[in-house]
Peer 1: 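Handing you this structure, nothing more for now.
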Amino acid sequence: MYHMTVYDLNGDVLYDQAIDAKSDDEAKEIGFAWLAEHDHKEKAHRIINAKGRLISFKPHQVHAKTGKSTEKA
């Protein structure tokens with residue numbers, strides 16, 4: 001069992017659900033497909049396994065010079 005959480009620019013949770021997968025690769029595939037389907041590929045997210053190990057992690061992207069988010073609202 002895996003779990004995916006997706007965050008908006010303010011850090012609010014947009015999605016927080018279990019992923020039924022048999023492997024890390026399958027969990028990432030399912031998670032990335034969901035992100036693409038819901039137009040959240042640029043959003044911060046994490047996918048963890050049942051023991052809490054990170055399988056995938058994407059932090060908020062911040063422009064080095066301006067300090068502003070590079071994500072689409």
Side-chain angles (χ1 to χ4, degrees):
M1 185 60 74
Y2 295 83
H3 199 92
M4 182 168 78
T5 309
V6 181
Y7 304 91
D8 70 7
L9 293 173
N10 297 319
D12 295 325
V13 174
L14 296 172
Y15 182 80
D16 189 35
Q17 295 292 321
I19 296 175
D20 187 22
K22 294 181 171 104
S23 69
D24 293 355
D25 289 336
E26 183 181 5
K28 286 193 282 190
E29 185 178 317
I30 292 168
F32 294 162
W34 187 94
L35 290 166
E37 180 181 334
H38 293 88
D39 199 28
H40 289 322
K41 290 190 324 186
E42 299 302 317
K43 299 282 191 251
H45 74 270
R46 69 178 177 195
I47 301 173
I48 60 172
N49 69 10
K51 294 181 181 179
R53 185 171 71 87
L54 278 172
I55 304 304
S56 177
F57 177 72
K58 179 177 178 14
H60 289 285
Q61 301 297 306
V62 177
H63 190 277
K65 291 184 179 179
T66 64
K68 294 183 180 181
S69 175
T70 60
E71 297 175 22
K72 298 175 188 172

Peer 1: For residues K58 and E42, determine if any side-chain heavy atom of one lies less than 4.5 Å from a side-chain heavy atom of the other.
Peer 2: yes
Peer 1: Let me check something: do L14 and L9 share a hydrophobic cluster, defined by ILVMFWY side-chain heavy atoms less than 4.5 Å apart, either directly or through other members?
Peer 2: no
Peer 1: Give me the one residue out of H45, K28, R46 that meets side chain to side chain donor-acceptor pair (under 3.5 Å) with S56.
Peer 2: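 It is H45, the one option of H45, K28, R46 that forms the side chain to side chain donor-acceptor pair (under 3.5 Å) with S56.
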Peer 1: What distance separates F32 CZ from I47 CD1, expressed to the nearest 0.5 Å?
Peer 2: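 Result: 5.0 Å between the selected atoms.
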Peer 1: With sequence neighbours left out, what residues match E26 under side-chain contact (heavy atoms from CB on, under 4.5 Å)?
Peer 2: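 Result, side-chain contact (heavy atoms from CB on, under 4.5 Å) vs E26: A21, K22, S23, I30.
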Peer 1: So, using side-chain hydrogen bond (donor to acceptor under 3.5 Å, both in side chains) as the criterion, who are the partners of D16 when residues are at least two apart?
Peer 2: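 With neighbours one apart ignored, the set is H3, T5.
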Peer 1: Is the CG atom of D20 crowded by more than 12 outside heavy atoms at less than 6.0 Å?
Peer 2: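 Atom CG in D20 is not crowded, with 12 or fewer foreign heavy atoms closer than 6.0 Å.
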Peer 1: Who passes side-chain contact (heavy atoms from CB on, under 4.5 Å) against D39, sequence neighbours left out?
Peer 2: none
Peer 1: Is there a donor-acceptor contact under 3.5 Å from the side chain of H60 to the main chain of D8?
Peer 2: yes
Peer 1: How close do M4 and G31 get, counting heavy atoms only, and between which atoms?
Peer 2: SD-CA, 3.7 Å
Peer 1: Under 4.5 Å between side-chain heavy atoms, chaining through other members, with only Ile, Leu, Val, Met, Phe, Trp and Tyr counted: pull out the rest of the cluster around I48, sorted by chain and number.
Peer 2: L54, F57
Peer 1: Of all residues at least two apart in sequence or in a different chain, which pass the side-chain hydrogen bond (donor to acceptor under 3.5 Å, both in side chains) check with D24?
Peer 2: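 Only Y2, R53 meet the side-chain hydrogen bond (donor to acceptor under 3.5 Å, both in side chains) criterion with D24.
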Peer 1: May I ask whether Y7 and Y15 are part of the same hydrophobic cluster, defined by side-chain heavy atoms of I, L, V, M, F, W, Y residues being less than 4.5 angstrom apart, directly or through others?
Peer 2: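 No.
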Peer 1: For H40, what residues pass the ring pair (Phe, Tyr, Trp, His ring centres under 6.0 Å) criterion, not counting sequence neighbours?
Peer 2: W34
